[in-house]
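Some notes on the structure that comes next.
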Amino acid sequence: ETNKPAANSLLGIRPADITIELENTCEHGVTAILYAVEQLGSSARVTVQVGDHFIEIASKGHVAFEAKVGDMLWLSLDESPLYLFDAETTQLVSAAND
């Protein structure tokens, strides 16, 4: 039996699997607005706004980009493992990994 996506599905992406770009360098970048950056030693928690939603990204390495709160950024998901969940039951429907 094959799981089929529900009419209302959720896309799951691990925060560390999202790449932040200062320019739209990839074909499938998602536009976001920088909301906050919290430096955590050698990594950072970056919060961006995409539409009406806020997304926290676990940035690898030291974040030293020139972006300021309110600046436009692009999120790259091209090589990220993706997970599709049923929005009602929150059960995993499908996973696409590298």
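A pairwise comparison of heavy atoms in V93 and D86 identifies CG2-N, 3.5 Å as the closest pair. Across all non-hydrogen atoms, the minimal contact from W74 to G29 is CD1-C, 4.5 Å.
For the atom pair L34 CG and L22 CG, the distance stands at 9.5 Å (nearest 0.5 Å). Here the CG atom belonging to L92 is positioned 5.0 Å from the CZ atom belonging to F85, to the nearest 0.5 angstrom. Note that CD1 of I57 is 9.5 Å distant from CD1 of I13, once rounded to the nearest 0.5 Å.
A continuous path of hydrophobic side-chain contacts links L11 to I55 [ILVMFWY only; heavy atoms under 4.5 Å]. Cluster annotation: Y35 and L75 are assigned to distinct hydrophobic clusters (Ile/Leu/Val/Met/Phe/Trp/Tyr, side-chain heavy-atom contacts under 4.5 Å, transitive).
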Report the C-alpha distance between L40 and R45 in whole Å, list the side-chain angles of each, state the deciding distance to 0.1 Å, and finish with yes or no for side chain to side chain contact (heavy atoms under 4.5 Å, CB included). CA-CA 7 Å; L40 304 168; R45 183 179 332 185; 4.0 Å; yes
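Taking the side chain as every heavy atom from C-beta outward, T31 and M72 approach each other to under 4.5 Å. For the pair I33/V50, no side-chain contact is recorded, criterion being any heavy-atom separation below 4.5 Å from C-beta on.
Taking A36 as the reference, T47 meet the side chain to side chain contact (heavy atoms under 4.5 Å, CB included) condition, with sequence neighbours excluded. Residues passing the side chain to side chain contact (heavy atoms under 4.5 Å, CB included) test with D71 are A67, K68, sequence neighbours excluded.
Using a distance-only test at 3.5 Å, with no hydrogens or angles considered, a donor-acceptor pair links the side chain of Q49 to the main chain of G51.
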